[in-house]
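In what follows, a structure is listed as structure tokens, so that the remarks can point back to it.
Everything numeric in this text was worked out from a predicted model, so none of it was measured. Order of the sequence lines sets the chain letters (A, B, ...), proteins ahead of strands, with each chain counted from 1.
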2 protein chains.
Amino acid sequence: MGRASSVAVDRTLAALADPHRRRVVDLLAQRPRAAGELARELAISPPAMSRHLKTLRISGLVEESHPEFDARVRIYALRPEPMVHLLRWLEESERLWSAQLLAFKAHIETAAQTGPDA
Amino acid sequence: MGRASSVAVDRTLAALADPHRRRVVDLLAQRPRAAGELARELAISPPAMSRHLKTLRISGLVEESHPEFDARVRIYALRPEPMVHLLRWLEESERLWSAQLLAFKAHIETAAQTGPDA
DNA sequence: ACAATATTTAACGCATATCGCAATTATATC
DNA sequence: GATATAATTGCGATATGCGTTAAATATTGT
């Protein structure tokens with residue numbers, strides 16, 4: 001384990017690497033929005049937004065739905081699961097890094113006990 | 001705030017988007033390593049690794065140092081600060097998304113109080 | 001001084017990503 | 001049924017990213 005979920009995290013990171021897509025995630029974290037609405041807010045063309053949304057959908061970061069009153073518009077909503085995996089990876093890295101610091105500190109203290117400049 | 005640190009988070013995400021670079025971060029989370037050591041572990045050429053390390057260094061994710069006994073070797077170590085910013089962004093997104101859920105739940109309950117199928 | 005080692009930089013090619021415009025599909029409206 | 005609207009897909013152009021080999025730089029050791 002740890003390596004098994006790596007691929008999914010890689011996909012999530014690749015999806016979030018584009019600034020436009022990250023901005024979309026920011027907006028969808030507030031509330032779900034229609035594709036056209038997102039395109040207007042980011043000032044990019046509808047086709048460009050459509051592609052970004054496709055990328056996000058494939059990565060699992062967003063999901064698509066239709067409002068009941070108009071089947072032409074597509075509502076996109078955030079799907080936090082991939083972000084949770086990413087969060088876990090970050091926390092694990094932080095944990096390991098902290099362990100490094102502790103080990104270093106212990107090393108220094110041991111050296112001090114053995115006697116400085118031994 | 002929130003938008004000010006966005007650029008930095010964008011750079012961090014771009015740096016982590018490459019699977020090789022993310023693997024480097026995994027290795028450096030355990031302990032600092034020399035450039036050549038990293039190249040061998042990931043089975044890529046030294047020039048390729050050198051470029052990845054440059055990217056990581058510019059993004060602030062790693063820092064470079066020399067061992068005292070051999071100035072040819074460059075030791076790379078993790079610098080967790082950019083990851084902390086990324087972590088904060090993720091947590092904030094999660095927080096907003098949870099608020100969405102609560103609002104939705106409240107809406108449903110209000111509707112239930114008003115009376116179903118009003 | 002010379003040969004070996006660690007790493008980076010230069011140069012090139014290849015694959016992939018992104019954009020805007022035009023065309024297409026699906027649905028709504030009159 | 002004709003027209004307008006929301007969104008996606010096709011296409012050509014541009015750009016960026018990554019990898020390899022070869023050359024350069026810095027340092028060590030004999």
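To the nearest angstrom, C1' of C:dA26 lies 13 Å from CD of A:Glu64. For the pair A:Ile44 CD1 and D:dA7 P, the computed distance is 13 Å after rounding to whole Å. Atoms CG (A:Asp70) and P (D:dA4) sit 17 Å apart, rounded to a whole Å. The nearest whole Å value for the distance from the CZ atom in B:Arg40 to the P atom in C:dT7 is 8 Å. Rounded to whole Å, the distance from CE on B:Met49 to P on C:dT9 is 15 Å. Separating the CZ atom of B:Phe69 from the P atom of D:dA26 is a distance of 21 Å, rounded to the nearest angstrom. Atom P of nucleotide C:dT16 and atom NZ of A:Lys54 are separated by 16 Å, given to the nearest angstrom. Rounded to whole angstrom, the span from the CG atom of A:Leu42 across to the C1' atom of C:dT18 amounts to 14 Å.
Closest contact between the side chain of A:Ala48 and the listed nucleotides C:dG20, D:dT8, C:dT8 involves C:dG20. Which of C:dT27, C:dT7, D:dT8 sits closest to the side chain of B:Val73 comes down to C:dT7. Checking D:dC18, D:dG19, C:dT18 against every side-chain atom of B:Asp18, the shortest atom distance belongs to D:dC18. The A:Arg74 side chain lies nearest to D:dA7 when the options are C:dT27, C:dT7, D:dA7.
Applying the 4.0 Å criterion to OP1 and OP2 of C:dA6, one finds that B:Tyr76 has every side-chain N and O outside that range. For the pair A:Ser50 and D:dA7, the criterion of a side-chain N or O lying under 4.0 Å from OP1 or OP2 is not met. The side chain of B:His20 contributes an N or O atom lying less than 4.0 Å from OP1 or OP2 of D:dG19. When the side-chain nitrogen and oxygen atoms of B:Arg21 are compared with OP1 and OP2 of D:dG17, none of them lie within a distance under 4.0 Å. When the side-chain nitrogen and oxygen atoms of A:Ser45 are compared with OP1 and OP2 of C:dC19, none of them lie within a distance under 4.0 Å. Here B:His52 reaches the OP1 or OP2 of D:dG19: one of its side-chain N or O atoms lies under 4.0 Å away.
Between B:Leu28 and A:Gln100, the shortest heavy-atom contact is O-NE2, 2.8 Å. A:His66 and A:Val73 make their closest contact through ND1-O, 3.2 Å (heavy atoms, listed as atom of the first residue, atom of the second, distance). Across all their heavy atoms, A:Pro82 and A:Gly60 have their closest contact at CG-O, 3.3 Å.
The residue among A:Pro47 and B:Arg57 whose nearest nucleotide of DNA chain C is located toward the 5' end is B:Arg57. Of the residues near DNA chain C, A:Glu68 and A:Ala43, the one whose nearest nucleotide (by heavy atom distance) lies more toward the 5' end is A:Ala43.
Counting non-hydrogen atoms under 4.0 angstrom, A:Ala39 reaches nothing in the nucleic acid.
Donor-acceptor pairing under 3.5 Å, judged by distance alone, is present between the side chain of A:Arg72 and the base of D:dT5. For A:Arg51 against C:dG20, a side-chain-to-base donor-acceptor contact under 3.5 Å is present.
Looking only at side-chain heavy atoms (C-beta outward), B:Ile58 and B:Lys54 come within less than 4.5 Å of each other.
From A:Ser93, atom OG reaches atom CZ of B:Arg22 across 8.0 Å, with rounding to the nearest 0.5 Å. One finds the OG1 atom of A:Thr12 at 11.5 Å from the CG atom of A:Leu87 (value rounded to the nearest 0.5 Å).
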